[in-house]
Every structure is written in C-alpha cells, then in structure tokens.
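Inspection log for the structure reproduced underneath, given as structure tokens.
In each ligand, atom 1 is the first atom listed, and ligand 1 is the first ligand listed.
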Amino acid sequence: GNNSMNAKLVLLGDMGTGKSSLVLRFVKGQFLEFQESTIGAAFFSQTLAVSDATVKLEIWDTAGQERYHSLAPMYYRGAAAAIIVYDICRMESFERAKKWVKELQTQGNPNMVTALAGNKCDLADKREVLTEASCVSWTLSLVSSLSSNATLVDEAQAYAEENGLFFMETSAKAAINQKDCLVLNQFSSQQE
Ligand code: GTP
Ligand code: MG
C-alpha cells in the first residue's frame with residue numbers, strides 16, 4: 001500500500017570490525033578480503049519491503065579510526081537505528097563497542113533502536129569474545145580450559161541484555177545474519 005517510511009541507520013564501531021563489509025554484503029551481496037578503511041563516512045541507500053511497508057534505508061557507514069570520532073554525532077543524530085559492530089576475535093573492539101553504547105545512551109536519540117553485532121563469527125577459532133550461543137554450541141567444552149578467564153563466558157549476550165540492545169553474531173564473509181542485523185531487528189520493534 002501507501003505505507004512507506006524513511007529510516008536513517010548508522011553503523012559505529014572500532015576500525016576493522018567489518019562495518020563496511022556488512023553494508024557491502026547487504027547492499028551488493030559482495031565481500032572483499034581487502035576492504036579499504038573508510039575515510040569520514042560512506043553513504044548507501046536501500047529500499048526494501050518489510051511486511052506491507054516500504055522502508056527506504058539511509059545507511060551511514062562511519063569510519064572507525066579514532067581520529068574520526070568527533071564526526072560521529074553528525075551521523076547518529078536523527079538515526080532511527082544504530083548498529084554497533086565489534087570483532088569477535090578482538091576483545092579490544094568489544095570494549096570499544098561498550099563505549100559507543102555509553103555514548104549513544106547519553107547523547108543519542110532516546111528512541112533509537114540499538115543493536116550490537118559481533119562480526120567475523122566465521123573465525124570462531126580465533127574468538128576472544130564469548131556469547132551464550134557460542135558457549136552452548138562449541139565453547140562449552142573449552143570453558144574449563146578458559147576458566148582463568150571465566151568472566152568472558154556469555155559476555156556479549158549478557159551485556160546486550162543488560163543494556164536493552166538487540167544482539168547477534170554476524171559474518172559479512174560467510175553471509176551469516178548480516179541481513180537480519182541490518183533490517184529485521186531494527187524495524188520490527190518500530191512498527192508496533
Ligand atoms: P573502518 O572503515 O576502518 O572503520 O573498518 P570497517 O569496520 O569498515 O571494517 P572493514 O569492513 O573495512 O573490514 C576490515 C577487514 O575485515 C577487511 O579486510 C574485511 O575483509 C574483513 N572482514 C570484514 N567482515 C568480515 C567477516 O565477517 N569475516 C572475516 N573473516 N573477515 C571480515
Ligand atoms: Mg569501513
């Protein structure tokens with residue numbers, strides 16, 4: 001029908017976590033092993049059908065390098081949804097993701113839907129950030145060997161729940177959840 005809306009979506013997260021790769025996978029169905037680091041930000045638009053509505057997504061893929069941090073508010077201001085991306089193989093990128101969550105909680109639009117995406121889940125053997133799902137499926141057997149670091153268990157999922165974030169692990173490379181991550185979770189909650 002006549003049901004159409006525009007929605008601004010912003011991707012935030014440390015450099016190299018795969019923000020541009022998730023967007024490229026989503027918009028063009030492609031993946032590049034040597035994706036160039038984003039300068040400033042990149043814009044994409046994509047129209048899609050969600051239930052019987054048409055949503056025109058205006059996607060801002062920001063640059064993760066610290067020197068661009070001060071530009072971020074320009075991109076998350078007025079955004080309907082934010083996806084904060086970390087790399088499951090780099091704990092430091094998860095810590096950085098938490099800082100983004102704090103920044104959005106204090107300075108972002110309070111109605112903004114926020115999702116946390118643990119990207120590169122195809123690289124499970126290099127995993128540093130654990131989740132409930134990963135624990136159940138394959139890490140459980142390793143947990144004892146990681147017990148020196150037992151607080152890592154379920155860290156991401158639990159953190160997301162505490163902070164009211166949608167959460168999923170994704171892979172731009174293996175095309176896992178990248179679409180759900182960018183679309184379904186973001187808007188299902190807004191249509192009610
Ligand atoms: P900045 O623009 O610097 O903030 O980085 P970014 O977050 O946009 O990361 P980018 O998409 O440029 O990806 C960084 C590197 O990770 C690239 O070499 C990608 O090929 C790789 N990469 C991205 N997503 C995945 C993934 O899901 N799995 C694997 N194995 N590699 C990935
Ligand atoms: Mg990028």
Side-chain angles (χ1 to χ4, degrees), residues 8-46 57-77 79 81-104 107-108 112-134 137-139 155-157 159-160 165-186:
K8 181 174 168 184
L9 168 66
V10 63
L11 284 96
L12 300 165
D14 204 358
M15 64 178 290
T17 53
K19 299 177 294 299
S20 299
S21 299
L22 285 167
V23 173
L24 185 68
R25 170 63 82 186
F26 175 65
V27 172
K28 296 195 179 147
Q30 294 173 356
F31 175 78
L32 301 174
E33 284 294 339
F34 302 100
Q35 173 70 43
E36 281 181 30
S37 188
T38 305
I39 296 170
F43 176 77
F44 300 83
S45 99
Q46 179 88 332
L57 278 185
E58 296 160 3
I59 304 171
W60 285 100
D61 167 26
T62 66
Q65 292 180 48
E66 188 53 42
R67 63 182 143 140
Y68 297 115
H69 188 165
S70 61
L71 300 178
M74 280 199 320
Y75 300 110
Y76 64 69
R77 198 172 298 141
I83 298 171
I84 299 174
V85 183
Y86 67 92
D87 172 350
I88 67 157
C89 308
R90 225 156 42 80
M91 184 55 79
E92 198 191 325
S93 73
F94 183 59
E95 298 305 328
R96 186 83 184 81
K98 292 182 184 174
K99 290 195 179 135
W100 279 118
V101 171
K102 280 235 169 67
E103 178 166 339
L104 293 185
Q107 296 175 74
M112 184 159 53
V113 177
T114 307
L116 181 66
N119 192 41
K120 308 196 187 182
C121 72
D122 56 291
L123 299 177
D125 55 330
K126 296 191 185 129
R127 173 185 291 278
E128 287 185 5
V129 185
L130 302 188
T131 68
E132 187 175 36
S134 65
S137 59
W138 62 269
T139 316
E155 183 156 34
Q157 176 88 50
Y159 172 79
L165 312 171
F166 290 104
F167 172 72
M168 65 177 61
E169 291 199 336
T170 58
S171 171
K173 182 169 183 174
I176 298 168
N177 278 344
Q178 87 287 354
K179 189 166 178 198
D180 288 3
C181 165
L182 267 77
V183 184
L184 300 176
N185 279 345
Q186 312 297 318

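Looking at atom 3 (O) of ligand 1, its nearest protein heavy atom turns out to be S37 OG, 2.6 Å. Nearest protein heavy-atom neighbour of atom 5 (O) of ligand 1: G16 N, 2.9 Å. At the top of the distance list for atom 7 (O) of ligand 1, counting protein heavy atoms only, stands K19 NZ, 2.7 Å. For atom 9 (O) of ligand 1, the nearest non-hydrogen atom of the protein is G18 N, 3.0 Å. For atom 12 (O) of ligand 1, the nearest protein heavy atom (residue, atom name, distance) is Q35 CG, 3.0 Å. Summary of contacts: the protein heavy atom closest to atom 16 (O) of ligand 1 is K120 NZ, 3.0 Å.
Rounded to the nearest 0.5 angstrom, D61 CG and L24 CG are separated by 9.5 Å. With rounding to the nearest 0.5 Å, the separation of CZ in F166 from CD1 in I84 is 13.0 Å.
The shortest side-chain heavy-atom distance between Q65 and S37 falls under the 4.5 Å cut-off. At a threshold of 4.5 Å between non-hydrogen side-chain atoms, the residues L123 and I88 do not count as touching. The side-chain heavy atoms of T38 and Y68, taken from C-beta on, include no pair separated by under 4.5 Å. Counting only heavy atoms from C-beta outward, the side chains of Y86 and D14 never approach each other to under 4.5 Å. F94 is listed as a side-chain neighbour of Y159, based on a closest heavy-atom distance under 4.5 Å.
For residue S21, no N/O/S atom approaches the Mg ion (ligand 2) to within less than 2.8 Å. Inclusion of S20 in the first shell of the Mg ion (ligand 2) is supported: an N, O or S atom falls under 2.8 Å.
Of all the atoms in ligand 1, the ones that sit under 4.0 Å from a non-hydrogen atom of L123 are 30 (N). If you number the atoms of ligand 1 from 1 as listed, the ones under 4.0 Å from a heavy atom of S21 come out as 10 (P), 11 (O), 13 (O), 19 (C), 23 (C), 24 (N). Near D122, the atoms of ligand 1 lying under 4.0 angstrom from a non-hydrogen atom of the residue are 26 (C), 27 (O), 28 (N), 29 (C), 30 (N). Shown in contact with L32 at under 4.0 Å from a heavy atom are these atoms of ligand 1, numbered in order with element: 19 (C), 20 (O). Residue E33 approaches ligand 1 through these ligand atoms, each under 4.0 Å from one of its heavy atoms: 17 (C), 18 (O), 19 (C), 20 (O). Annotation for ligand 1: atoms under 4.0 Å from non-hydrogen atoms of G64 are 1 (P), 4 (O).
Taking the six-membered ring where tryptophan is involved, the planes of W60 and Y75 are tilted, since the angle between them lies from 30° to 60°.
With hydrogens and angles left out, the side-chain atoms of S93 and T17 include no donor and acceptor closer than 3.5 Å.
Formation of a donor-acceptor pair under 3.5 Å by the K19 side chain with backbone atoms of V85 is not found in this model. Distance alone, capped at 3.5 Å, places no donor-acceptor pair between the T62 side chain and the A41 backbone. Distance alone, capped at 3.5 Å, is enough to place a donor-acceptor pair between the R25 side chain and the K173 backbone.
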- Message: Applying side-chain contact (heavy atoms from CB on, under 4.5 Å) to K120 and K126, what does each step give before you reach the verdict?
- Response: CA-CA 10 Å; K120 308 196 187 182; K126 296 191 185 129; over 6 Å; no

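In T170, neither the side chain nor the backbone holds a heavy atom less than 4.0 Å from any atom of ligand 1. At a heavy-atom distance under 4.0 Å, only side-chain atoms of N119, from C-beta outward, approach ligand 1. Within the 4.0 Å heavy-atom criterion, both parts of T17, backbone and side chain, lie near ligand 1. Counting heavy atoms closer than 4.0 Å to ligand 1, residue A63 contributes backbone atoms (N, CA, C, O) but none from C-beta onward. If you look at K173 next to ligand 1, the close heavy atoms, those under 4.0 Å, come from the backbone and the side chain alike.
A heavy-atom separation below 4.0 Å is not found between G13 and ligand 1.
At a 3.5 angstrom cut-off on N or O pairs, A172 counts as close to ligand 1. Remark: ligand 1 and T38 share an N or O pair separated by less than 3.5 Å (distance only, no angle test). Polar contact with ligand 1: present for S171 (N/O pair, distance under 3.5 Å).
Residues G108 and Y76 share a closest heavy-atom pair of CA-CE1, 4.1 Å.
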